[in-house]
Chemist: 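Below you'll find the structure I mean.
Atoms within a ligand are numbered from 1 in the order they appear, just like the ligands themselves. Numbering starts at 1 and runs along the sequence shown.
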Amino acid sequence: MEVEHAISGRKSIRKFTSQPVPKETLKKILELAARAPSAENTQPWEFFVIAGEVLDKIRAANIEKVRNHELPPEEMHHILVERPKGSVYRQRQVEIGKQLFNLMDIAREDTVKRAAWTERGFRYFDAPAAIIIVAEKTLPIPGSFLDVGAVMQNICLAALDAGLYTCIENQGITYSDVLRKHAHIPDSKRLMAAIAIGYPDWDFPANKVQSQREPIDNMITWCGI
Ligand SMILES: Cc1cc2nc3c(=O)[nH]c(=O)nc-3n(C[C@H](O)[C@H](O)[C@H](O)COP(=O)(O)O)c2cc1C
């Protein structure tokens, strides 16, 4: 697959079919993705690949916590940060939410449908597999987060080549205690990202979303060119 096609064809998928993804395919994707660059080739990423009964137990435990309005453990509080009100970041966040809710026919005031929508992320969008990226807690945060970002994008692109789609999701690592318990992730590892992966259900309305991007001229400052 051409790079241009892969980059522009990647999109977040929020409902997958139940078709399982072979272990060999997942391994190939991770092997290719791990060609990502990292500072001084430190390769801080490690992967917990979760499927089957273990993933089902994690989904159920997450949902129980969501329904009980449980706060995540303190180690995950950084993902709860809100974008500043009135900022362009907040506007973009609201915009993608509106697009998804329109497609799903969820009215702003419909608390039941909104709650059901929120739960989907905590169920890994019913994907047959989820990849949890972790890094040693002893590694400095800014550097390891950058390296993990590179491998994360590579996973999404390598998945496309195998006919698979993904959704990177903070929701999937919110309840780190659940993942530590069921996937045996040691306390010494920091949970960095979750990626739901599988074959997309194209009949699901939200999967038709096309997220917008700021015109590139608004993002570039040219210097000396
Ligand atoms: C670090 C990170 C965390 C994300 N967390 C979530 C999440 O918890 N739930 C969700 O539905 N999407 C999540 N997303 C997906 C973004 O909403 C999505 O990438 C963005 O809206 C752009 O859409 P696209 O991926 O289809 O281009 C996350 C993406 C990133 C990079």
Chemist: Under 4.0 Å from ligand 1, counting heavy atoms only, is it the side chain of Phe145, its backbone, both or neither?
Modeler: neither
Chemist: Could you check whether the rings of Trp117 and Phe204 sit parallel, tilted or perpendicular, using 30° and 60° as the cut-offs?
Modeler: parallel
Chemist: What atoms in ligand 1 come closer than 4.0 Å to a heavy atom of Ile96?
Modeler: 21 (O)
Chemist: When you measure from atom 13 (C) of ligand 1 to each heavy atom in Thr174, Asn207, Ile168, Ile195, which option holds the nearest one?
Modeler: Ile168
Chemist: If you have a sec, work out which protein heavy atom is nearest atom 5 (N) of ligand 1 and how many Å separate them, to one decimal?
Modeler: Asn170 N, 2.9 Å
Chemist: Please list the nearest protein heavy atom to atom 25 (O) of ligand 1 with its residue and the distance rounded to 0.1 Å.
Modeler: Ser12 OG, 2.6 Å
Chemist: So is Gln99 in contact with ligand 1, going by heavy-atom distances below 4.0 Å?
Modeler: no
Chemist: Within a distance of under 4.0 Å, is there any protein heavy atom near atom 7 (C) of ligand 1?
Modeler: yes
Chemist: Taking Arg83 for its side chain and Arg90 for its backbone only, find out whether a donor-acceptor pair lies under 3.5 Å.
Modeler: no
Chemist: Do Arg190 and Glu136 meet the salt-bridge criterion of a basic N to acidic O distance under 4.0 Å?
Modeler: no
Chemist: Of the protein's non-hydrogen atoms, which lies at the shortest distance from atom 23 (O) of ligand 1, and what is that distance?
Modeler: Ser211 OG, 3.2 Å
Chemist: Going by the closest heavy atom to atom 17 (O) of ligand 1, which one wins out of Lys11, Arg14, Arg10, Gln93?
Modeler: Arg14
Chemist: Which atom pair, heavy atoms only, marks the closest approach of Ile173 to Met76?
Modeler: O-CE, 3.3 Å
Chemist: Could you check Gln171, Arg67, Arg114 and say which one makes a side-chain hydrogen bond (donor to acceptor under 3.5 Å, both in side chains) with Glu119?
Modeler: Arg67
Chemist: Taking only heavy atoms of Gln171, which atoms of ligand 1 are found under 4.0 Å from at least one of them?
Modeler: 7 (C), 8 (O), 9 (N), 10 (C), 11 (O)
Chemist: Between Asn207 and Asp201 (side chain of the first, backbone of the second, donor and acceptor by atom type, cut-off under 3.5 Å), is there such a pair?
Modeler: yes
Chemist: Would you mind checking if Arg180 and Asp177 are paired as a salt bridge, meaning a charged N to carboxylate O distance below 4.0 Å?
Modeler: no
